[in-house]
Amino acid sequence: MVHDALFVLVKMKEQNLRPSIQTYNSLLYNLRHTDIMWDVYNDIKDSGTPQSARTSSIIVDGLCGQSRFRDAVLFLRQNDGKEFAPSVVSFNTIMSRYCKLGLADIAKSFFCMMLKYGMLPDTYSYNILIHGLIVAGSMEEALELTNDMEKQGLQPDMVTYKIVAKGFHLLGLVSGAREIIQKMLTDEGLKPDLVTYTILICGHCQMGNIEEALRLRRDLLSSGFQLNVILYSVLLSSLCKRGQVDEALQLLYEMEANNLQPDLVTYSILIHGLCKQGKVQQAIQLYKEMCFNRIFPNSFAHSGILKGLCEKGMLSDARMYFDSLIMSNLKPDVTLYNIMIDGYVKLGDVEEAVRIYKRLRDKAITPSIVTFNSLIYGFCKNRKVVEARRLLDSIKVHGLEPSAVTYTTLMNAYCEEGNINKLHELLLEMNLKDIEPTVVTYTVVIKGLCKQRKLEESVQLLEDMRAKGLAPDQITYNTIIQCFCKAKDMRKAFELLDDMLIHNLEPTPATYNVLIDGLCRYGDVEDADRVLVSLQDRNINLTKVAYTTMIKAHCVKGDAQRAVKVFHQMVEKGFEVSIRDYSAVINRLCKRCLINEAKYYFCIMLSDGVSPDQEIFEMMLNAFHRAGHVHSVFELLAVMIKFGLLHD
C-alpha cells in the first residue's frame, strides 16, 4: 500500500510533523524500482533531513535494479566527499549487478575504487567478487583474492568456502574442493553444511569417483545430516552408469528407511539402470511399486522398460506393453514408437516396423529423424535399397533434415552392393546440404574405395579426415589394413599399424588378427610366427582367432609340430577349445595326410572331455582308409561303437 503511505507522508507535513530518515528510507526502498523514488529523494533534500548511508545504498540498488548502471555510478561520484557519502553497501550492490552480467572486470574496478576512497571492503564484498571471477573462469585470481582477504584481517566465512568449492566443482577439480573442505574443518573450525558436501559429492560423481562420493555420504550420515532426494538421485545415477544397479537399489532402501520418499526421477533412474542390465522383471516390479506409491511414470520410465524388453529379445512382451501404453491416457510420445520400430528392424521384421510407423502417422504424431534412420536401416538390412532411398527423399516433407547417420546407413548399403557411384552421389549430396561426414561415414567411403582397389586414395582419405578435425578410429584403419593384406602389400599394412601408434591409437585385437591372417594367407607363415611371438612378449591381448589362424596355417603348410605348439599356447592362455576347433585342425591334418598328427589331436580332444561327432569320425576314417592304415581304421571303429556313432 505504498501510495497510501505517500498520502500519509503528505498529511504529516500538513501537521508540521517532520518524517525521520528511517521513514523516508522505508518509502525509498519500496519505490526503488520506479521513478517516484526521485520525488521522495528530492523531498529528503528539500526538507533538510540528514541522510544516512542506507539512503544512498537504496538509490544505487534501485538504479541497478532498473539496469541504469551509468546513473548509479554518476550518483556515487556526485555524492563523493559528502557527509552521506556512499557506503561499502552501495559499492557491493554495483559489484553484484556487474558480476551477474558476467562483467567481473568492471566489478573489480569498483572494488579498487573502494580502496582508493579509503573504504575497507567487507567479507560480502570479497564474496561477490570471488564468485564473479569464478563464474568468469578466473579461478586463480579468485583464490588470490581469498588469500588477500585473510591478509586484510577478514576471515573467509561459510559462503566464501561454498563459492570456492563450487568453483572447483565447475572446473572438474574435485581435489581442490576437497582441500577447501579440509581447510574449513582444520584451520577455521567451520563445519561444512549440506550444500558444501553436496557440491563435493556431485563433483566426485561427475568425475566418476563414486567410491569417494559414497564415503562422503557416510560422513554426512555419521555427522547427523539428513540427505535429500536430489543427492540420493545423483548417487543412484552414478552407480547405474557404472552398472552397479544392486548397490543403487541398496541406496533406495536406505532412502525409504530414512523416511525419504523417492520421486519420479529416482524411480526412472533405477528402472533405466535395471533395464540396461537386462533385469527387466525387477524394473517392472519397481514400476509397480512406483504406481502403488501414487507416483505416475512418464514416458522416460516407460521407454526404459520397453527398450529393456526389446533388447532382451522379448519382443512379444514389449508389443503387449506398448499396446497397453497406447490404449491408456498417456500423452503420445514418438520415443515409444521409435523403440518398437527399432526392435522390429533389428529382428528383421521390416513390415511390422512399417506398420508401427503408419500407426504413428494415424495418431498425428510427428516422426523424428530417429524414426526414419531405423526404417532406412531396416530396408538396407533387407537389401531393399530402393525403398530406403525413397524414404530418404521423403524426410524433407515432414520438416526434418537427414543426419549423417541417415546418409551413412544408405551409403553402406550401396557399398555392400558394389554401387560406388551411388555412394559418391550421396557423399556429394551431404556436402551440398552442409552435413558433416562422421568417422563412420569416411570408413564406409574407404571401404568403397578399397573394393575398387583404390588403396592410395583410401590412405589419402585418412589425411583428409585429420585435416577436417576427425580422428580415424581402429575400424577405419582395420578396413584399410585388411584391403592392403588382400592386395598382398604387407609392407604397407604394417606401415599403417605404425601410423596408428604414431597417432596414439591403440590397435585392437582385430587389427592383429587381420595382420596375422594376411601374413598367413598372402605372405610368409614364418613372419606371422615372429609377429605372434613379438605380441606375446609385449603382453598384447590377443583373441582366440589369432591362435586358430596360426594353427590352420601351419597345418596347411604341413608343419604339424608347430601347429601343436601354438595349440598348446592357446590352451595355456585359457581359451576354451570347442569341437569345431578340433574338427578344423583334424580336417586340415587329414587333408595333408598327416595321420599320426591327426590321431594326436584326436587323443587330446578325448582327454579334454570333448566328445567327437559323426563328422570327425568320418573325416578320419576316410583319411586312414586312403593312407592304408587298416589297423587305425579298426581302432577308430571301436571308438565309434563306444560313443554310439557306428551306423550301417
Any side-chain donor-acceptor pair under 3.5 Å between T266 and S233?
-> yes
If you measure only the distance, is there a donor-acceptor pair under 3.5 Å linking the side chains of S368 and N338?
-> yes
Can you establish whether the number of heavy atoms outside K544 located under 6.0 Å from its atom NZ is more than 12?
-> yes
Answer yes or no: is there an ion pair linking K492 with E495, defined by an N-O contact shorter than 4.0 Å?
-> yes
Heavy-atom count around R383 CZ within 6.0 Å, excluding the residue itself: above 12?
-> no
Do Y232 and E254 have a side chain donor and acceptor closer than 3.5 Å?
-> yes
Could you pull out the closest heavy-atom pair between L270 and C240, with the gap in Å?
-> CD2-SG, 4.2 Å
K276 NZ: over 12 foreign heavy atoms closer than 6.0 Å = no
Of all heavy-atom pairs between C483 and L455, which one has the smallest distance, and what is that distance?
-> CB-CD2, 3.7 Å
Is there side-chain contact between D517 and V545, with heavy atoms separated by less than 4.5 Å?
-> no
Close side-chain approach of P509 and L542, heavy atoms under 4.5 Å | no
Just how far is it from atom CG of L426 to atom CG of N412, taken to the nearest 0.5 Å?
-> 11.5 Å
F379 and V345: CA distance, side-chain angles, deciding distance, side chain to side chain contact (heavy atoms under 4.5 Å, CB included) verdict | CA-CA 8 Å; F379 282 127; V345 160; over 6 Å; no
Answer yes or no: does atom NZ of K447 have more than 12 heavy-atom neighbours from other residues, nucleotides or ligands under 6.0 Å?
-> yes
For Y442, what residues pass the side-chain hydrogen bond (donor to acceptor under 3.5 Å, both in side chains) criterion, not counting sequence neighbours?
-> K468
Between the side chain of Q474 and the main-chain N/O of E506, is any donor-acceptor distance below 3.5 Å?
-> yes
Does R466 reach the side chain of P472, with side-chain heavy atoms less than 4.5 Å apart?
-> yes
Minimum-distance pair of heavy atoms, taken over all atoms of F567 and I551 | CA-CD1, 3.6 Å
Side chain to side chain contact (heavy atoms under 4.5 Å, CB included) between Y477 and L462: does it pass, once the steps are laid out?
-> CA-CA 9 Å; Y477 272 100; L462 288 176; 3.9 Å; yes
Validation row: D524, L519 side chains within 4.5 angstrom (heavy atoms) = no
What distance do D499 atom CG and F494 atom CZ have between them, rounded to the nearest 0.5 Å?
-> 14.5 Å
State whether the side chain of D473 and the backbone N or O of I475 hold a donor-acceptor pair below 3.5 Å, judged by distance alone.
-> yes
Is there a side-chain contact between E387 and I376 (heavy atoms, below 4.5 Å)?
-> no
Check the surroundings of atom OH in Y377: do more than 12 heavy atoms from other residues, nucleotides or ligands lie under 6.0 Å from it?
-> no
Mind running side chain to side chain contact (heavy atoms under 4.5 Å, CB included) on T476 and V439 for me, showing each step along the way?
-> CA-CA 8 Å; T476 315; V439 173; 3.6 Å; yes
Cut-off 3.5 Å, side chains only: do Q569 and Y547 have a donor facing an acceptor?
-> no
Roughly how far, to the nearest 0.5 Å, is the CD1 atom of I305 from the NE2 atom of H272?
-> 8.5 Å
Look at K381 together with E416 and state whether they make a salt bridge at an N to O cut-off of under 4.0 Å.
-> no
If you measure from CG on L391 to CG on L410, what distance do you get to the nearest 0.5 Å?
-> 9.5 Å
With a 4.5 Å heavy-atom cut-off, do L392 and F372 have their side chains touching?
-> no
Check whether the side chains of N478 and T511 place a donor and an acceptor atom closer than 3.5 Å, and report yes or no.
-> yes
If we ignore angles and hydrogens, is there a donor and acceptor under 3.5 Å between the side chains of T443 and T479?
-> no
If only atom types and distance count, is the side chain of K396 paired as donor or acceptor with the main-chain N or O of E401 below 3.5 Å?
-> no
Quick one: does K241's side chain get under 4.5 Å of I210's, heavy atoms only?
-> no
How many angstroms lie between OG1 in T409 and CE in M411, if you round to the nearest 0.5 Å?
-> 10.0 Å
Smallest separation among heavy atoms of I480 and C450, with atom names | CA-SG, 4.3 Å
Beyond-backbone contact of M314 with C310, side-chain heavy atoms, under 4.5 angstrom | no
What's the spacing between H302 NE2 and D333 CG if we round to 0.5 Å?
-> 10.0 Å
Nearest heavy-atom neighbours spanning A404 and E436 = CB-O, 3.6 Å
Salt-bridged, E417 to K422, with N to O below 4.0 Å?
-> no
Salt bridge present between D527 and R530 (N-O < 4.0 angstrom) | yes
Are K279 and D246 close enough, and set up right, to give a salt bridge (charged side-chain N to carboxylate O under 4.0 Å, His left out), and what steps lead you there?
-> CA-CA 11 Å; K279 300 175 180 178; D246 291 335; 3.3 Å; yes
More than 12 heavy atoms from other groups under 6.0 Å of CG on D393 | yes
For M430 against P437, the heavy-atom pair lying closest together | CE-CA, 3.7 Å
Criterion salt bridge (charged side-chain N to carboxylate O under 4.0 Å, His left out) on R215 and E211, from CA distance to verdict | CA-CA 6 Å; R215 189 190 65 76; E211 290 80 9; over 6 Å; no
Could you please spell out the steps behind the side chain to side chain contact (heavy atoms under 4.5 Å, CB included) verdict for E247 and L214?
-> CA-CA 11 Å; E247 290 85 342; L214 290 170; over 6 Å; no
